[in-house]
Amino acid sequence: MTTRSIHSLSLLRLTAVCLTAVSLTVGCSSNRQARTTVNIPRSADSDRLSFQAQDAWTPRVNLNADLAMVYGIDKTLPERLQSWREKGYRPQVMTGVAWGEYQDYLYGRWDGIRHLDEVQTESNGHRIGHGGDVYYMSPSESYGRFLCAGVKRALDAGAEAIYLEEPEFWVRGGWSDGFKREWQSYYGEPWAAPDSSPDAQYRASKLKYYLYRRTLSQVFDFVRDYGITHGRKIPCYVPTHSLINYASWGICSPESSLLSVGCDGYIAQVWTGTARTPNSYEGTKKERTFETAFLEYGVMQNLVRASGRKMWFLNDPIEDNPDHSWDDYRTNWESTLIASLLQPEISRYEIMPWPHRIFDGLYPATQPVKAKTPRIPIPPEYEAELQSVITALGDMNQPQASVQWLASGTHGVGVLVSDTLMFQQFGPNSADHDLGHFYGLALPLLMRGMPVEPVQIETADLTPYKVLLLSYEGQKPPSPKLHADLVKWVHAGGALVVVDDDKDPFRNVREWWNTGDLHFETPRHHLFSQLGLAPDATGLDHVGRGTVCYLPESPTRLSRDQRGADVVRQAASSSMKAVGLPWTESSALVLRRGPYIVCAGLEKAVPGASAFSLQGHFISLFDPNLATVTTVHIKPADRMLLLDLDAIRSTGVIAAACRITNEQRVSTSIGFTADGVEGSPGVICLRLVHRPSSVLIDDQECPAPKLDWNAGLLRIRFSNRASGHTFKVTW
């Protein structure tokens, strides 16, 4: 096998796979209990687990993954790419779109023309940078050609795929000469300062959105043509923050529109750094890492559902801010990981970015961090936990038949969101930077256990949803198509809840609802006219087989009111009742994915509800020792990833803080190879029918203190090596 990472198939299907393999390769009799490998090698084109790294391979970043996304397209790329290829990883390349080590372009060394006038610039003339003279670009067509030249270097070096990271234009930019030229060309009118009016800001944001879509389209087209010329199929992906985060942080990015210009998929860059952005709920503003991550991953899952394009979910064991403690990083990583696993349609993961900074970096030992707080390497127990979880992620591609919600509230509930959430985040009339217009609708339902989804207006199929919440505060419909789709959906039996006080200053921007033959004061008025409702039709109205409930309130104001969430819940509950959908609450979200159980206790449990409990036999994958538990109580803020032993019918390796390969079984023994991050704690858990009589590591008897046998489970503890160990267990 040339693929780097070898994982098991779904454990629920292993028995059938192994029995088939036995009949083909061993030919054993009915009284011979031979088995072949549990960890069936995946095909050479497997792409389920990836990571990004700028530096070359070392034993301390010997990761259990398929794809190595080598970062940057400078002249050292071929050598760096080769170091990962030699270790069996599939070589791919990621580079920044908005910024990078692109000084050759800036200073005229590429085409003889200086391009400093294309740097994103604030009103005071300040150039927006990423450190030193690494600047965010206001991309021209010549900049797109420069990126194509760098991407060609990656393709010539054998990159199998290209990842164009973070096409970002800050909303506070828009004063560079290059941007002014693009404005004149795009709108056919003189440039206007983006902060001079809501209309100017909206138009500036639309242009920023367009410029990066154009740039990416240039690169997509170049890569496609290169592939045709060289007889290769080379996909292009875009690693990007979620729409929710970009809007909150004041960034414009083309997001959903990339699907129409050649994007083959995305990496959802959701991690502690994005998800810990504070938001308001019931009048309290604070970090809600799990809930925010759940909604961020949710909008990314929704983005690709209708298109069928690929999506990877990023998990980062630390974050960009180096001044948090290891405990803080670990707790928040567990929250974002669980939030990602509660999106059952996605089974591809970027297991981490920048592994060198995780396994070789030094971070504070304790919280709160002070000037003299000691900095230490990654704790060994965290190293073990990470590798156990990565092994499980490689086995998370279960068929939908084995996916089941064990605890949750009402399903089929969504909050409509548009890319235009990013268009109103700057200037004297900007929308709420805490996104109260979004969180004020989503959190009241999520906090009561409803797995609410942000529903992408531009791409979504509305048919899976029973209830949709909508506000045009902080966003606007990009075209009248949404209203046509909503009218059809409501008539078919959907319940639409509209929360909007019609006071958003951006309601008067020059857009489709107030130009040409249309003269509506707000886009909501146009929607209600299409529904056959008066603009002031407050309360609940029946439309076709469905209902429309209009609440003339600001969702931002409700997010800051202690009783605001109850107001939203009451409107949603009444709408559900009107279409025959039961209102169900839950104190936890618990999802079964084959033999894995993903658990999250919610911050605001249902009043009077007891903790959700599970009885059985489980291995906690967040426990570095892979300990067994029989009773689980999921309290608020609990995050758990469990392996359900009662759902596994096979024997052999069932969990491991390392990579397992070459697993071979005969009637009285099992052998395999294990490798991992050099010097990290290795733990392997096997299910066996008989007590082992011998455990050999590299042909040497394993010391008894390193073994644990209990209730049919054998745990072997050792120190991981990048070069690997061989194991043989005999009974």
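Only heavy atoms go into these numbers, but all of them, side chains included; no hydrogens, no water, no symmetry mates.
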Taking every heavy atom of Y349 against every heavy atom of M396, the minimum-distance pair comes out as OH-CG, 3.8 Å
**Request:** Would you please test K706 and F718 for side-chain contact (heavy atoms from CB on, under 4.5 Å) and show each step?
**Result:** CA-CA 7 Å; K706 299 291 186 180; F718 58 98; over 6 Å; no
request  = Please tell me if the side chains of T292 and T277 come closer than 4.5 Å, counting only heavy atoms from C-beta onward.
outcome  = no
**Asked** Would Q269 and T274 count as having a side-chain donor-acceptor pair, cut-off 3.5 Å?
**Response** no
In short, side-chain hydrogen bond (donor to acceptor under 3.5 Å, both in side chains) pairs touching residues 617-627 with sequence neighbours left out are H617-D646
Q.
Do I716 and L686 have side chains that approach each other closer than 4.5 Å (heavy atoms only, starting at C-beta)?
A. yes
When rounded to the nearest 0.5 Å, the distance separating CG of N302 from OG of S242 is 12.5 Å
*Cationic N near anionic O, under 4.0 Å, E160 to R90*: yes
Would you call I73 and V93 a side-chain contact if the rule is heavy atoms closer than 4.5 Å? yes
request  = State whether the side chain of T373 and the backbone N or O of K370 hold a donor-acceptor pair below 3.5 Å, judged by distance alone.
outcome  = yes
For E101, the salt bridge (charged side-chain N to carboxylate O under 4.0 Å, His left out) test, sequence neighbours excluded, returns none
task = Quick one: do L63 and L49 satisfy side-chain contact (heavy atoms from CB on, under 4.5 Å)? Show the steps, please.
result = CA-CA 10 Å; L63 299 176; L49 299 186; over 6 Å; no
Interatomic distance, CG@L643 vs OG@S388, rounded to 0.5 Å, equals 10.5 Å
Looking only at heavy atoms, the pair that brings F618 and T630 closest together is CE1-O, 4.1 Å
- Evaluate the side-chain proximity of S680 to Q387: yes if any heavy-atom separation is below 4.5 Å, no if none is. yes
Tightest non-hydrogen contact, residues A657 and N720, listed as O-ND2, 3.0 Å
Looking only at heavy atoms, the pair that brings A588 and G601 closest together is CB-CA, 4.2 Å
Residues at least two apart in sequence or cross-chain that pass side chain to side chain contact (heavy atoms under 4.5 Å, CB included) with P78, listed by chain then number, are A157
Has E701 got more than 12 heavy atoms of other residues, nucleotides or ligands less than 6.0 Å from its CD? yes
L362 meets the side chain to side chain contact (heavy atoms under 4.5 Å, CB included) criterion, sequence neighbours left out, with R375, P377
Min side-chain heavy-atom separation F359-E678 under 4.5 Å: no
_Could you check whether any side-chain N or O of T336 sits under 3.5 Å from a backbone N or O of N315, counting only pairs where one atom can act as donor and the other as acceptor?_
no
query: With a 4.5 Å limit on heavy-atom distance, are the side chains of L626 and L713 in contact?
result: no
Next on the checklist: Could you check whether D66 pairs with R348 (Lys NZ or Arg NE/NH1/NH2 to Asp/Glu carboxylate O, under 4.0 Å)?
Outcome noted: no
Review point. Is R721 close to P59 at the side-chain level, that is, under 4.5 Å between some pair of heavy atoms?
Key: no
Tell me whether R48 is salt-bridged to D395, with the criterion being a basic N under 4.0 Å from an acidic carboxylate O.
no
Contacts satisfying ring-ring contact (aromatic ring centres under 6.0 Å, His included) that involve residues 364-397 (not counting sequence neighbours) are W333-Y382
Smallest heavy-atom separation, L602 atom then M447 atom, equals CD1-O, 3.8 Å
Rounded to the nearest 0.5 angstrom, the CD1-CD1 distance for I654 and I684 is 12.0 Å
field: Main-chain N/O of I376 paired with W326 side-chain donor or acceptor, under 3.5 Å
entry: yes
Report yes if the side chains of M311 and E345 come closer than 4.5 Å at any heavy-atom pair, otherwise no.
no
Across all chains, not counting sequence neighbours, the side chain to side chain donor-acceptor pair (under 3.5 Å) partners of K310 are D47
* To do: Please determine, by modelled atom types, if R665 and T651 share a side-chain donor-acceptor pair under 3.5 angstrom.
  => yes
Residues at least two apart in sequence or cross-chain that pass side chain to side chain contact (heavy atoms under 4.5 Å, CB included) with H356, listed by chain then number, are A53, D55, T58, V61, W84, D360
When rounded to the nearest 0.5 Å, the distance separating OG1 of T673 from CD1 of I660 is 8.5 Å
| field | R687 (side chain) donor-acceptor with I648 (main chain) under 3.5 angstrom | value | yes
Check: I318 main-chain N/O paired with R357 side-chain donor or acceptor under 3.5 Å: no
Residue set satisfying salt bridge (charged side-chain N to carboxylate O under 4.0 Å, His left out) with K286, at least two apart, ordered chain then number -> E603
In short, salt bridge (charged side-chain N to carboxylate O under 4.0 Å, His left out) pairs touching residues 626-635 with sequence neighbours left out are K635-D638
### Query
Do the side chain of T331 and the main chain of D327 share a donor and acceptor less than 3.5 angstrom apart?
yes
Output for pair (L589 CG, L406 CG), nearest 0.5 Å, gives 11.0 Å
d(S408 OG, F612 CZ) to nearest 0.5 Å is 9.5 Å
Sequence neighbours excluded, the answer for side chain to side chain contact (heavy atoms under 4.5 Å, CB included) partners of D328 is R276, H324, S325, N332, Q367
Heavy atoms of P692 and W709 approach each other most closely as CD-CE3, 3.5 Å
Which class fits the ring pair F294 and F290: parallel under 30°, tilted 30 to 60°, perpendicular over 60°? tilted
Hits for salt bridge (charged side-chain N to carboxylate O under 4.0 Å, His left out) against R80, two or more places apart or cross-chain, chain-then-number order -> D74
Under 3.5 Å side-chain donor-acceptor pair for Q103 and D133: yes
- request: Would you check if the side chain of D675 reaches a backbone N or O of S723 as a donor-acceptor pair within less than 3.5 Å?
  value: no
Hits for salt bridge (charged side-chain N to carboxylate O under 4.0 Å, His left out) against E385, two or more places apart or cross-chain, chain-then-number order -> R330
_V598 backbone acceptor or donor facing R593 side chain under 3.5 Å_ = no
Give a yes-or-no answer on whether the side chains of Y71 and E165 include a donor-acceptor pair shorter than 3.5 Å.
yes
TODO: Report the C-alpha distance between L342 and W405 in whole Å, list the side-chain angles of each, state the deciding distance to 0.1 Å, and finish with yes or no for side-chain contact (heavy atoms from CB on, under 4.5 Å).
DONE: CA-CA 9 Å; L342 287 169; W405 285 95; 4.0 Å; yes
**Prompt:** Parallel under 30°, tilted from 30 to 60°, perpendicular over 60°: which one fits the rings of Y163 and Y237?
**Reply:** tilted
Going through the distances and angles, do T726 and N662 end up as a side-chain contact (heavy atoms from CB on, under 4.5 Å)? CA-CA 9 Å; T726 60; N662 304 319; over 6 Å; no
